[in-house]
Student: 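My questions will all concern the structure given below.
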Amino acid sequence: KRLVLIGPPGSGKGTQSPIIKDDYCLCHLATGDMLRGAVAAKTPLGIKAKEAMDKGELVSDDLVVGIIDEAMKKPSCEKGFILDGFPRTVVQAEKLDEMLGKQGTKIDKVLNFAVDDSILEERITGRWIHPSSGRSYHTKFAPPKVPGVDDVTGDPLIQRKDDTPEVLKSRLDAFHKQTEPVIDYYAKKGVLANLPAEKPPKEVTTEVQKVLS
Ligand code: ADP
Ligand code: ADP
Ligand code: ADP
């Protein structure tokens, strides 16, 4: 399967991705995780992306399209992939169609994580992540077994620098202005599925499985 996950920051894309990935043996490509890795490693890509990310603005289309083009060549992506956080603009969606067109493939399904803006601040400010895997926890909704520690590796968890109420405002603004048109783009192609993503995590998983079965 070739899947795209779209939703505002904190809508649960990163939480559901590992489950979908294991159920269908797909690779999980999260542009946000990759960009944070590049920023931490101070690569040329990271240096270019950092300023926009800190402000909660989108990184340039060329940078992220380049990352995805490269990442999709991995052997683990041959059976299919989950794009988490990409495409976020109509230009990115068109470039993706072009890339897939060259391989004679296309997107099978787009999952739209529909969540009202009002619940996102609590989700975002309580989020703790394991940076190298991208796993996320929540102090209230999905606490780790030991506070501040990743369940799988025992590594310390961190809070994202952009997970503040102020930066969330610009990220939501970018979502409404630049990413919502992508939802229409896929609706017109007949591949869109809307998920009630305000439900508890397990119920969202059930909804995802319904859509994909
Ligand atoms: P969230 O999990 O909150 O939806 P991400 O981790 O996906 O956020 O993205 C974090 C930041 O990385 C974004 O605010 C943006 O600056 C940048 N980013 C991630 N994906 C893209 C993309 N497809 N296009 C442009 N910028 C992106
Ligand atoms: P995204 O990748 O879309 O930005 P995440 O999956 O990282 O979102 O979820 C944001 C925060 O909300 C995390 O702390 C996560 O543990 C928590 N969370 C995810 N899904 C739910 C849900 N259905 N109900 C409550 N909290 C959730
Ligand atoms: P480049 O030198 O081409 O800019 P990247 O910095 O993008 O290379 O790193 C290559 C790959 O390794 C990317 O897919 C990126 O997500 C991943 N990566 C590197 N460092 C980390 C990290 N600390 N956490 C998660 N992923 C990382």
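As the structure lists them, so they are numbered: ligands from 1, and atoms in each ligand from 1. In this text the structure is predicted, and so the values were computed from the model without any measurement.
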Student: Which heavy atom of the protein is the closest neighbour of atom 10 (C) of ligand 1, given with residue, atom name and distance?
Tutor: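 It is Arg160 NH2, 3.5 Å.
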Student: Out of Thr125, Thr15, Val115, who gets a non-hydrogen atom closest to atom 19 (C) of ligand 2?
Tutor: Thr15
Student: Establish whether Leu26 and Ile67 are linked, either directly or via other cluster members, by ILVMFWY side-chain heavy-atom contacts under 4.5 Å.
Tutor: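 No.
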Student: Can Lys161 and Asp54 be counted as an ion pair, charged N to O under 4.0 angstrom?
Tutor: yes
Student: Show the atoms of ligand 2 that are less than 4.0 angstrom away from any heavy atom in Ser136.
Tutor: 5 (P), 6 (O), 7 (O)
Student: Rounded to the nearest 0.5 Å, how far apart are CG of Leu3 and CG of Leu83?
Tutor: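 The distance works out to 8.5 Å.
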Student: Using heavy-atom distances, let me know which of Met53, Gln178, Gln92 sits nearest atom 12 (O) of ligand 1.
Tutor: Met53
Student: Return the closest protein heavy atom for atom 2 (O) of ligand 2 as residue, atom name and distance.
Tutor: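 Ranked first by proximity to atom 2 (O) of ligand 2 is Gly14 N, 2.8 Å.
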Student: What about Val59: any of its N or O atoms under 3.5 Å from an N or O on ligand 1?
Tutor: yes
Student: For atom 9 (O) of ligand 1, tell me which residue out of Lys55, Arg88, Arg171 has the closest non-hydrogen atom.
Tutor: Arg88
Student: Check ligand 1 against Thr31 and write out every atom of the ligand that is under 4.0 Å from a heavy-atom position of the residue.
Tutor: 19 (C), 20 (N), 21 (C), 23 (N)
Student: If you count every heavy atom of other residues, nucleotides or ligands that lies below 6.0 Å from Glu51 atom CD, does the total exceed 12?
Tutor: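 Open: at most 12 neighbouring heavy atoms sit under 6.0 Å from CD of Glu51.
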Student: Measuring from atom 8 (O) of ligand 2, which candidate in Gly7, Gly134, Gly12 has the nearest non-hydrogen atom?
Tutor: Gly12
Student: May I ask you to check whether Asp33 and His28 show a side-chain donor-acceptor distance below 3.5 Å?
Tutor: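 No donor-acceptor contact under 3.5 Å links the two side chains.
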Student: Please write down residue, atom name and distance for the protein heavy atom closest to atom 23 (N) of ligand 2.
Tutor: Lys199 O, 2.8 Å
Student: Working to the nearest 0.5 Å, report the span between CE of Met34 and CZ of Arg36.
Tutor: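 Atom-to-atom, Met34:CE and Arg36:CZ are 11.0 Å apart.
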Student: Taking NZ in Lys48 as the centre, count heavy atoms belonging to other residues, nucleotides or ligands within less than 6.0 Å. Is the count above 12?
Tutor: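 Result for NZ/Lys48: open.
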Student: At a 4.0 Å threshold, what atoms of ligand 2 neighbour a non-hydrogen atom of Pro201?
Tutor: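 Selected atoms, number and element: 21 (C), 22 (C), 23 (N), 24 (N).
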Student: What distance separates Asp162 CG from Met53 CE, expressed to the nearest 0.5 Å?
Tutor: 6.5 Å
Student: So between Val182, Leu83, Leu35, whose heavy atom ends up nearest atom 17 (C) of ligand 1?
Tutor: Leu35
Student: Checking the N or O distance criterion of under 3.5 Å, is ligand 1 in contact with Gly85?
Tutor: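 Indeed, backbone or side chain, Gly85 has an N or O that close.
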Student: Could you list the atoms of ligand 1 found under 4.0 angstrom from a heavy atom of Glu57?
Tutor: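 Numbered from 1, ligand 1 contributes 15 (C), 16 (O).
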Student: Starting from atom 11 (C) of ligand 2, which protein heavy atom do you reach first, and at what distance in Å?
Tutor: Arg123 O, 3.5 Å
Student: Do NZ/NE/NH1/NH2 and the carboxylate oxygens of Glu180 and Lys177 come within less than 4.0 Å?
Tutor: no
Student: Given Glu198, Gln16, Arg127, Lys202, identify the one with the heavy atom nearest to atom 7 (O) of ligand 2.
Tutor: Arg127
Student: Is a side-chain donor or acceptor of Asp151 paired with a backbone partner of Lys145 at a separation under 3.5 angstrom?
Tutor: yes
Student: Nearest heavy atom to atom 13 (C) of ligand 2: which of Tyr137, Phe141, Trp128 does it belong to?
Tutor: Tyr137
Student: Taking the side chain as every heavy atom from C-beta outward, state whether Val208 and Ile20 have any atom pair closer than 4.5 Å.
Tutor: yes
Student: Identify, by atom number and element, the atoms of ligand 2 in contact range of Ala142, meaning under 4.0 Å from any of its heavy atoms.
Tutor: 16 (O)
Student: So do the side chains of Phe113 and Leu111 get within less than 4.5 Å of each other, counting heavy atoms only?
Tutor: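 Yes, at least one pair of side-chain atoms sits under 4.5 Å.
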Student: At a 4.0 Å threshold, what atoms of ligand 1 neighbour a non-hydrogen atom of Lys13?
Tutor: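 In order of number, 4 (O).
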Student: Would you say the side-chain atoms of Gln16 pair up with the backbone N or O of Gly12, donor to acceptor, closer than 3.5 Å?
Tutor: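 No; judged by distance alone, with no hydrogens or angles, the pair does not exist.
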Student: Does ligand 2 come near enough to Gly10 that some N or O of the ligand is less than 3.5 Å from an N or O of the residue?
Tutor: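 Yes, there is a polar N/O contact under 3.5 Å.
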Student: Give the numbers and elements of all ligand 1 atoms closer than 4.0 Å to a heavy atom of Arg36.
Tutor: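 Taking each heavy atom of Arg36 in turn, ligand 1 has 6 (O), 10 (C) under 4.0 Å.
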Student: May I ask you to identify, for Leu58, whether its side chain, its backbone, both or neither come under 4.0 Å of ligand 1 on a heavy-atom basis?
Tutor: both
